[in-house]
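Structure first, then comments.
As the structure is a prediction and not an experimental result, all values here were calculated from the model. Residue numbers start at 1 and run along the sequence shown.
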Amino acid sequence: MAKLSCDFRYLLIPAALVFVYIQMRLFATQSEYADRMAEAVDAERHCTSQMRLLIDQISMQQEEIVSLEEGKKRKDQECAQLKALVHDLEKKALQRIIDKTQVPVAAVVIMACNRADYLERTVASVLKYQSSVASKYPLFISQDGSDPNVKTKALSHYNQLTYMQHIDYDPVHTERPGELIEYYKIARHYKWALDELFYKHNFDRVIILEDDMEIAPDFFYYFEAAAALLDKDKSIMAVSSWNDNGQKQFVHDPYALYRSDFFPGLGWMLTRSVWNELSPKLKENHKGRQFLRPEVCRTYNFGEHGSSMGQFFQKYLEPIKINDKKVDWKSQDLSYLMEDKYAKYFADILKMAKPVHGSNLALMASNIEGDVRIQYKDQSDFENIARQFGVFEEWKDGVPRTAYKGVVVFRYHPPRRVFLVGPNSLNKLRIENA
């Protein structure tokens, strides 16, 4: 029994050694497993990070794809609009070819810059009366600069007019100190637009409007009648729709037309032959020629704010009377306006006017029946007399506004006419013993 107990103890020693070995192997295995687990966790984290980075890249690419698709849709829409525009323009061009037998009287161009609200009002007024005679008066808008609102307004009427754009970045050098740069820029725009219409589009005549004007119902019929005179009489440099003394209190007869040595502007027509002279130097050279103007204006200028900074607006422009009477211009004999007849025609009217002298000339004139004439000595004297009546006092290049051979005529307590007569006017008109 004692021997058996001893043998059992001997057996425990190897068993203990085996147990210790097993534990050591187990610990080593666990350590190795822990290391592998740590590596696996790190690998998983790295993989997760890479997956997130890949997902972010895919997301960004998807956003780019969406953006590109939206851009493509916009481009497709723009292409469709441009195709429609080209189609309409081709139809208009085809219609013009079909209407070749209808020779235009004149192109009409509205000069615009940066006043979109004014332009809309002008276009609405012009289209109101131009639509029925569109083949005779093709309509253009010429924009100076890149104001987006003006361009949008112009293109919104693309099926009724042609849009042109003038971009000019060249510096402006004024001839005299203190001159406004804006007037030089306007002159450049006018030259460019008129060159386009006369030389590129090959029109014989052009009517120039500004983007702050409304026109009278007989505007186009007036210019059609005047165009015949412009072609026949080369002493007429241009035809205007404007009378500087066209305020309500100074006009009466919608049929009355006059020749003038003063260029009225504000809605005027000229021919290509005249522009051939003016275009190279942009210098006004009358060469003894004159202008036609109406007594009652065929345009109304509502532009209080602009390059002229509202000059004279409240006193001289706002009260202008625009013609609202129906005038059958086709039945009118305008041959009296020809150079070989007009001087005698005007002299005969002037001779019939009663001479008035004194200090309070306006009061004296209002107490006389019929037309009156008042002699002025010089520019200062004219300005003093004009101030009494309230008409324009301004002169330019030695000529009073609206004057013909130094004579300024206007209505005063209509239908009475007042003639302000220059110191040499009677001799120029060959009026003796008057």
Side-chain angles (χ1 to χ4, degrees), residues 86-111 122-123 125-142 154 157-164 190-210 213 215-242 257 267-279 289-294 298-299 326-335 337-339:
V86 169
H87 178 69
D88 287 346
L89 290 174
E90 287 174 346
K91 284 175 64 179
K92 286 171 66 178
L94 179 60
Q95 187 61 45
R96 287 172 183 167
I97 293 171
I98 294 171
D99 291 341
K100 271 286 187 182
T101 54
Q102 177 63 70
V103 178
V105 175
V108 180
V109 59
I110 301 172
M111 309 297 285
T122 298
V123 171
S125 174
V126 172
L127 289 178
K128 183 177 180 180
Y129 303 112
Q130 183 260 0
S131 299
S132 61
V133 291
S135 60
K136 291 184 178 181
Y137 296 95
L139 182 58
F140 294 77
I141 290 177
S142 181
H157 300 283
Y158 73 88
N159 62 329
Q160 296 168 290
L161 54 82
T162 302
Y163 171 76
M164 308 189 302
Y190 269 69
K191 173 175 169 50
W192 178 84
L194 290 173
D195 281 349
E196 287 283 302
L197 294 170
F198 280 124
Y199 304 140
K200 180 179 178 180
H201 294 279
N202 206 35
F203 288 106
D204 292 325
R205 307 178 201 89
V206 175
I207 297 172
I208 299 98
L209 292 170
E210 295 174 17
M213 291 181 179
I215 66 172
D218 66 339
F219 176 88
F220 292 109
Y221 301 104
Y222 163 72
F223 275 109
E224 185 168 5
L229 290 172
L230 200 57
D231 292 341
K232 292 177 186 176
D233 188 346
K234 300 307 178 183
S235 71
I236 301 173
M237 191 170 188
V239 178
S240 177
S241 60
W242 184 259
L257 303 179
W268 51 288
M269 177 172 68
L270 80 165
T271 63
R272 189 192 308 169
S273 60
V274 171
W275 184 244
N276 288 341
E277 299 176 27
L278 300 179
S279 178
R289 291 169 295 191
Q290 294 162 335
F291 307 90
L292 295 186
R293 67 165 182 87
R298 264 57 188 187
T299 48
K326 185 176 180 179
V327 176
D328 182 8
W329 287 108
K330 290 183 179 179
S331 66
Q332 296 300 302
D333 180 8
L334 303 181
S335 60
L337 291 162
M338 299 288 286
E339 184 182 27

How far does [atom1] of [X] sit from [atom2] of [Y], to the nearest 0.5 angstrom?
X	Y	atom1	atom2	value
I110	Y163	CD1	OH	13.0 Å
S142	Y190	OG	OH	9.5 Å
D204	W275	CG	CH2	16.0 Å

Quick one: does L337's side chain get under 4.5 Å of Q290's, heavy atoms only?
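A side-chain contact is absent here, since even the closest heavy-atom pair is not under 4.5 Å.
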For the residue pair L194 and V206, establish whether any side-chain heavy-atom pair is separated by less than 4.5 Å.
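Yes; the side chains approach each other to less than 4.5 Å.
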Which residues pass the salt bridge (charged side-chain N to carboxylate O under 4.0 Å, His left out) test with K200, not counting sequence neighbours?
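K200 satisfies salt bridge (charged side-chain N to carboxylate O under 4.0 Å, His left out) with E196 once adjacent residues are dropped.
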With sequence neighbours excluded, tell me which residues meet salt bridge (charged side-chain N to carboxylate O under 4.0 Å, His left out) with R205.
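Listed in chain order: D231.
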Please name all residues satisfying side chain to side chain donor-acceptor pair (under 3.5 Å) with [X], sequence neighbours left out, ordered by chain then number.
X	answer
Y221	none
T122	none
W242	D244
S132	none

Set of residues satisfying ring pair (Phe, Tyr, Trp, His ring centres under 6.0 Å) with respect to Y137, sequence neighbours excluded
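Testing Y137 for ring pair (Phe, Tyr, Trp, His ring centres under 6.0 Å), a comparison that skips the adjacent residues, returns F220.
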Evaluate whether atom NZ of K234 has more than 12 neighbouring non-hydrogen atoms of other residues, nucleotides or ligands under 6.0 angstrom away.
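Yes, because the 6.0 Å sphere around NZ of K234 holds more than 12 heavy atoms from other groups.
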Could you work out, with side-chain contact (heavy atoms from CB on, under 4.5 Å) as the rule, every residue matching [X], not counting sequence neighbours?
X	result
A134	Q130
S273	T271
N276	Y199, R272

How about F140 and H201: are their ring centres within less than 6.0 Å of each other?
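Yes, ring centres under 6.0 Å apart.
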Is it true that R289 and E277 make a salt bridge, defined as a side-chain N closer than 4.0 Å to a carboxylate O?
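Looking at E277 together with R289, the answer is yes, because their closest N to O distance falls below 4.0 Å.
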